[in-house]
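First up is the structure itself, then whatever we jot down about it.
Just so we're on the same page: letters track the sequence lines, and every chain starts at 1. Just the heavy atoms: all of them, side chains too, but no hydrogens, waters or symmetry mates, feed the values below.
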There are 2 protein chains.
Amino acid sequence: MKRFITFEGGEGSGKTTQIKLAADWLRERGIPALSTAEPGGTPLGRKIRELLLNRGSWTIGAEAELLLFAAARAQHVREIILPALEAGQWVLCDRFADATLAYQGFGRGLDAGFIRTLNAFSAQALKPEMTLLFDLPVEAGLARAKKRAAGGRPEAAEDRFEQEERAFHGRIREGYLSIAAAEPERFRIIDGAGSVETVHREVCRCLEALPQLPFLEGERA
Amino acid sequence: MKRFITFEGGEGSGKTTQIKLAADWLRERGIPALSTAEPGGTPLGRKIRELLLNRGSWTIGAEAELLLFAAARAQHVREIILPALEAGQWVLCDRFADATLAYQGFGRGLDAGFIRTLNAFSAQALKPEMTLLFDLPVEAGLARAKKRAAGGRPEAAEDRFEQEERAFHGRIREGYLSIAAAEPERFRIIDGAGSVETVHREVCRCLEALPQLPFLEGERA
């Protein structure tokens, strides 16, 4: 069984911290786990990420932004995710197709039908088995992201997305919740407002509840 | 009336030389003409072109390549082509959506139906009024491209596309001809094997034959 699990959420939702803890937790149980991130999970993706962070003098329209994320995803799936799954690794991915629908669809207002078609193409039909959505109020997330930026991560401070207006982030949160509501069997909504430890315990509960979890078989024996 | 004319063809087909001559020819007749090229027609597009020429150490799969071209096109249409057309300029474009179908569809074998959907999105529904297809045998085109590369244009020599096998370029030629056959009212197939001057005269004949050509109205008066 292939295990592809995605971590989704808005700015400051804590998913990047949680994905690392989750991968460590799996590895401690003898499960080979890879944690990777979009858009920068491949050398091409890191180049695309640089373009998207837009520290140069170029303009990026909403359509081009959408297609750059899709290009990074296509390479990520082909070069990293599919080979790791084939090799029997668990893959935990920090943002995937749902992020595109939430940010570029609900956030920027681009056509959701086209985005779904584009997502299926760039993901080469790969779908997550489970998606953890870290949800918290927009203000709380932006405050965290700002604190992180001030704490010696100047690149985060310049991120175009964090500079967007509050309404944009509100649309993204609503978008994520609506995507999750349409696929309740795939999504687990996790309250992102808790402490790192509290949220991590919730993540572990979600992982433990997966069917046929190999290490649980062993622990039960 | 908006004048959007695209120049298409394989490697060494002469379209880049011809587009400059055509733009000059229009300007000499008092027609404001802009000649522009894909994928590098915008600052973002030039960055994307650098990624595609692949002088670094990253891998680009067929899907990512397709989406990078589409991203460059979306920005090109929004930032350059539509504003120029709105301002009353003629726009002559070196490669457009047909190139994506020919290279990534017929050449790389990606799904043509998806490419058409993607093209419509990235072109923001803009379609050329007329497309000049510069056709010539693959060997002749590749020989020209090689000669150009040896003549002090090292960047062209490294172009990934020119290094592709002959069969790939054969599929592109057949692809272009089949796209043209499906839309005979839009396409003009020009024999690209002739001299620069002969081909230029043929291009001028195509431009002169456009309905309601403003300078012809004047010349006839």
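Of the listed residues B:Ala70, B:Ala64, B:Ala74, the one with more heavy-atom pairs under 4.5 angstrom with chain A than any other is B:Ala64. With respect to chain A, the highest number of heavy-atom pairs below 4.5 Å among B:Pro43, B:Gly61, B:Ala72 belongs to B:Gly61. Ranked by non-hydrogen atom pairs under 4.5 Å with chain A, the options B:Ala62, B:Ala120, B:Ala71 are led by B:Ala71.
To the nearest 0.5 angstrom, A:Leu68 atom CG is 4.5 Å from B:Ile48 atom CD1. Separation of atoms CD1 (A:Ile60) and CG (A:Leu67) is listed at 11.5 Å; rounding is to 0.5 Å. A:Cys93 contributes atom SG, which lies 4.5 Å from atom CD1 of A:Ile81 (distance to the nearest 0.5 angstrom).
Nearest heavy-atom pair across B:Ala102 and B:Ile179 is N-CD1, 4.0 Å.
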Check: For B:Val199 and B:Leu21, what are the C-alpha separation, side-chain angles and deciding distance, and is it a side chain to side chain contact (heavy atoms under 4.5 Å, CB included)?
Finding: CA-CA 10 Å; B:Val199 175; B:Leu21 294 173; over 6 Å; no

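Sequence neighbours left out, the pairs with a member in residues 123-149 of chain A that pass ring-ring contact (aromatic ring centres under 6.0 Å, His included) are A:Phe7-A:Phe134.
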All inter-chain donor-acceptor pairs under 3.5 Å (chain B, chain A):
from	atom 1	to	atom 2	distance (Å)
B:Thr59	O	A:Gln75	NE2	3.1
B:Gly61	N	A:Gln75	OE1	2.6
B:Glu63	OE1	A:Arg78	NE	2.9
B:Glu63	OE1	A:Arg78	NH2	3.0
B:Glu63	OE2	A:Arg78	NH2	3.2
B:Gln75	OE1	A:Gly61	N	2.6
B:Gln75	NE2	A:Thr59	O	3.1
B:Arg78	NE	A:Glu63	OE1	2.9
B:Arg78	NH2	A:Glu63	OE1	3.1
B:Arg78	NH2	A:Glu63	OE2	3.2

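Between A:Phe96 and A:Phe4, the ring-plane angle classifies as perpendicular under the 30° and 60° cut-offs.
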